[in-house]
Peer 1: 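Please read through the structure below; I'll follow up with questions.
Chain naming here is simple, since letters A, B, ... match the order of the sequence lines and numbering starts at 1 in each. Computed over heavy atoms, backbone and side chain alike; hydrogens, waters and symmetry mates excluded.
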Number of protein chains: 2
Amino acid sequence: MSQENLKSILKSHELRITDCRLDVMQFFLNEKGALSQGDLENQFTQYDRVTLYRTLNSFLDSGILHKIPNETGTATYGLCHDTCSPDHHEHNHIHFKCNSCGQIECLDEKVVPKVTVPTGYKIDGVNMIVDGICATCA
Amino acid sequence: MSQENLKSILKSHELRITDCRLDVMQFFLNEKGALSQGDLENQFTQYDRVTLYRTLNSFLDSGILHKIPNETGTATYGLCHDTCSPDHHEHNHIHFKCNSCGQIECLDEKVVPKVTVPTGYKIDGVNMIVDGICATCA
DNA sequence: TTATAAATGCAAGTGAGTTGCATAAACTAT
DNA sequence: ATAGTTTATGCAACTCACTTGCATTTATAA
C-alpha cells in the first residue's frame with residue numbers, strides 16, 4: 001500500500017503520523033495474519049519494545065486492530081474490518097489457528113453462525129476460534 | 001459432592017489424592033463457572049501459590065480442566081465434559097463471558113454451530129466465546 | 001512397614017506488559 | 001517558515017502471571 005494511503009488511514013483514526021506507526025501498519029497489511037508483539041520486535045529492531053507496545057495499543061484504541069482471544073498468555077492482534085470504530089467494534093470475528101505452523105488468521109467470513117444462550121442472557125458479540133490445519137501445512 | 005466421589009474422579013485420571021486437589025476439585029464443582037489462579041489463591045490461603053499452579057496444570061494434563069481462550073493474559077479454567085481425556089479433548093466448547101460481572105461460564109450446549117473455512121483447511125475443534133450480559137446482571 | 005515415586009513449599013527466575021520521566025519529533029497557529 | 005504546544009519515543013525500572021530448582025514431606029505400592 002502506498003505511503004499516502006497509510007497516512008490517510010492513520011489520519012482518519014486521529015493518530016499522528018510517525019515512522020513506527022507507518023511501518024507497523026504496513027506490516028499488518030502485508031502479513032494478513034495475526035501478529036504479536038514478538039513478531040514486531042523481530043521485524044523492527046530499530047524501535048524500542050515499549051514503542052511497539054504503545055503502537056499496538058494506540059491501534060487497538062483507535063479501532064485499527066483487535067486482540068484475538070487465545071490460551072497462551074501472549075496477545076495476538078489482527079486488523080479490524082473497515083466497519084470498526086473506537087466505540088463500536090465489529091465483534092463477530094472468526095479466527096483460524098493452525099496447529100502445525102501456529103499461524104493465526106482472521107477469516108473473512110461475514111456470517112458468524114447463530115448461537116443460542118440460556119434465557120435471560122444478552123449477546124453482544126461472538127468470537128470463534130477454529131483450530132486445525134491450514135491449507136499450506138496440509 | 002462426597003469425598004469418596006471426588007477421590008474416584010482423581011483416581012480415574014491417575015492422579016494421587018491430596019488435600020489440595022480435593023479442595024480445588026470441589027471448588028470447581030461448586031462454582032460451576034470458570035476460575036483463575038487468583039480465585040484459587042483467594043479461596044485457599046493454606047496452599048502455596050505454586051502448588052495451586054501445579055494443581056491446575058495436573059488437572060489440565062489429565063483432562064479434568066481446559067483453558068478458556070481470552071484476551072486478558074490471565075488464564076481461566078473450566079471443567080471439561082466427561083468425554084474429555086488427556087489425549088482427546090472434547091474441543092467444541094461454548095463460553096459465555098458477562099461484560100458486567102466478568103464471570104465466565106461454559107455453556108452446556110452440545111451443538112456448536114457449523115463453520116465454513118477456506119478450501120484445504122482441516123478443522124480440529126471450535127471454540128466460541130460469546131460475550132454479553134448474563135441473566136443475573138440483566 | 002519400608003521403599004519409591006510423586007507432591008509440596010520456598011526462593012529465585014523468566015517473560016509479557018506497564019509506568020515515569022526526560023528528550024525528540026509531529027502538529028497547530030501565527 | 002517559526003515558535004509554541006502537544007504527543008511520541010527511548011530508557012530504566014517496575015508489576016504481574018507463571019515457571020523452575022531443590023530440599024522436604026506425603027501418598028501409594030511392595
Side-chain angles (χ1 to χ4, degrees), chain A residues 3-4 6-27 34-62 64-77 86 102 104, chain B residues 3-4 6-27 34-62 64-77 86 102 104:
Chain A
Q3 193 79 347
E4 280 315 307
L6 289 175
K7 287 186 183 177
S8 70
I9 294 176
L10 291 178
K11 273 189 185 148
S12 72
H13 288 87
E14 298 184 326
L15 291 173
R16 289 194 176 189
I17 290 152
T18 68
D19 290 350
C20 183
R21 284 179 181 161
L22 290 171
D23 285 346
V24 170
M25 189 77 180
Q26 180 74 71
F27 193 39
L35 296 170
S36 68
Q37 160 75 16
D39 296 327
L40 298 186
E41 270 182 60
N42 292 336
Q43 185 71 13
F44 302 114
T45 50
Q46 69 267 40
Y47 303 120
D48 191 85
R49 34 191 301 283
V50 177
T51 301
L52 293 171
Y53 273 115
R54 289 197 264 232
T55 300
L56 285 171
N57 281 327
S58 66
F59 284 5
L60 261 192
D61 291 345
S62 60
I64 295 176
L65 295 177
H66 62 277
K67 258 191 192 177
I68 301 172
N70 71 84
E71 33 210 273
T72 70
T74 306
T76 55
Y77 303 83
I104 298 172
Chain B
Q3 193 80 349
E4 279 317 307
L6 289 176
K7 286 185 183 176
S8 70
I9 294 177
L10 291 178
K11 271 188 185 149
S12 73
H13 287 88
E14 298 183 325
L15 291 174
R16 290 193 174 189
I17 290 151
T18 67
D19 291 349
C20 183
R21 285 178 180 161
L22 289 171
D23 285 346
V24 169
M25 189 77 180
Q26 180 74 73
F27 193 40
L35 296 171
S36 68
Q37 159 76 13
D39 295 328
L40 298 186
E41 271 183 57
N42 292 336
Q43 186 71 13
F44 302 114
T45 49
Q46 70 267 39
Y47 303 120
D48 191 84
R49 27 191 307 283
V50 177
T51 302
L52 293 171
Y53 273 116
R54 288 198 263 231
T55 300
L56 286 171
N57 282 326
S58 66
F59 284 6
L60 262 191
D61 292 344
S62 60
I64 295 176
L65 295 178
H66 63 276
K67 260 192 192 174
I68 301 172
N70 72 83
E71 32 209 274
T72 71
T74 306
T76 56
Y77 304 83
I104 298 173

Peer 1: With a cut-off of less than 4.0 Å, is there a side-chain N or O of A:Thr18 near OP1 or OP2 of D:dA8?
Peer 2: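 Looking at the OP1 and OP2 atoms of D:dA8, neither is under 4.0 Å from any side-chain N or O of A:Thr18.
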Peer 1: What is the distance, rounded to the nearest whole Å, between atom CD of B:Glu41 and atom P of D:dA17?
Peer 2: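 Taking CD of B:Glu41 and P of D:dA17, I get 8 Å after rounding.
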Peer 1: Quickly work out the B:Asn42 CG to D:dA17 P distance and round it to whole Å.
Peer 2: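 About 11 Å, once rounded to whole Å.
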Peer 1: Might you point out which heavy atoms bring B:Arg49 and B:Gln37 nearest each other, and give the distance in Å?
Peer 2: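 The answer is O-NE2, 3.4 Å.
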Peer 1: Side chain of A:Arg16 only, please: which of D:dT19, D:dA8, D:dG10 is the nearest?
Peer 2: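 Comparing D:dT19, D:dA8, D:dG10 against the side chain of A:Arg16, the answer is D:dA8.
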Peer 1: Within this structure, what is the CG-to-P distance between A:Asp48 and D:dC11, rounded to whole angstrom?
Peer 2: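 Taking atom P of D:dC11 as the reference, CG of A:Asp48 is at 6 Å.
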Peer 1: Separation of A:Glu14 atom CD from D:dA8 atom P, in whole Å?
Peer 2: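 Atom CD in A:Glu14 sits about 12 Å away from atom P in D:dA8.
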Peer 1: Take atom OH of A:Tyr53 and atom C1' of D:dA12, then tell me their distance rounded to the nearest Å.
Peer 2: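 In whole Å, D:dA12 C1' and A:Tyr53 OH are 16 Å from each other.
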Peer 1: Mapping B:Leu15 and B:Arg54 onto DNA chain D by nearest heavy atom, which one lands closer to the 5' end?
Peer 2: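 Closest to the 5' end, via its nearest nucleotide, is B:Arg54.
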Peer 1: Would you mind telling me which residue lines up with the more 5' stretch of DNA chain D, B:Arg49 or B:Lys11, judged by nearest nucleotide?
Peer 2: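 The residue closer to the strand's 5' end, by nearest nucleotide, is B:Arg49.
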Peer 1: Can you name the nearest heavy-atom pair linking B:Ser58 to B:Ser62, along with the distance?
Peer 2: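 Scanning both residues, the minimum pair turns out to be O-OG, 2.9 Å.
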Peer 1: How long is the line joining CG of B:Asp39 and C1' of D:dA17, in whole Å?
Peer 2: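 Computing the B:Asp39:CG to D:dA17:C1' distance gives 14 Å.
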Peer 1: Where does the chain B footprint on DNA chain C start and end, counting 5' to 3' with a 4.0 Å heavy-atom cut-off?
Peer 2: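 Range of nucleotides touched by chain B: C:dA5 to C:dA11.
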Peer 1: OP1 or OP2 of D:dC16 less than 4.0 angstrom from a side-chain nitrogen or oxygen of B:Thr74, does that happen here?
Peer 2: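 So the side chain of B:Thr74 is outside the cut-off, no N or O lying under 4.0 Å from OP1 or OP2 of D:dC16.
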Peer 1: Side chains of B:Ser36 and B:Asp39: does their closest heavy-atom pair fall under 4.5 Å?
Peer 2: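 Yes - at least one pair of side-chain heavy atoms lies under 4.5 Å apart.
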Peer 1: Looking across every strand, which nucleic acid part, if any, lies under 4.0 Å from B:Asp19 by heavy atom: base, sugar-phosphate, or nothing?
Peer 2: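 Result for B:Asp19 = nothing.
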Peer 1: So do B:Leu40 and B:Tyr47 actually touch side chain to side chain, heavy atoms under 4.5 Å?
Peer 2: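 No, their side chains stay 4.5 Å or more apart.
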Peer 1: Indicate yes or no: at least one non-hydrogen side-chain atom of A:Leu10 is less than 4.5 angstrom from one of A:Phe59.
Peer 2: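 Side chain of A:Leu10 against side chain of A:Phe59, heavy atoms only: contact under 4.5 Å found.
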Peer 1: Need one value for A:Gln46: base, sugar-phosphate or nothing, where a base atom within 4.0 Å counts as base even if backbone is also close, heavy atoms only.
Peer 2: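 Answer is sugar-phosphate: A:Gln46 comes under 4.0 Å of backbone atoms only.
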Peer 1: Classify the nucleic acid contact of A:Arg21 as base, sugar-phosphate or nothing, counting any heavy atom under 4.0 Å across all strands shown.
Peer 2: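 A:Arg21: backbone/sugar contact only, no base atoms under 4.0 Å.
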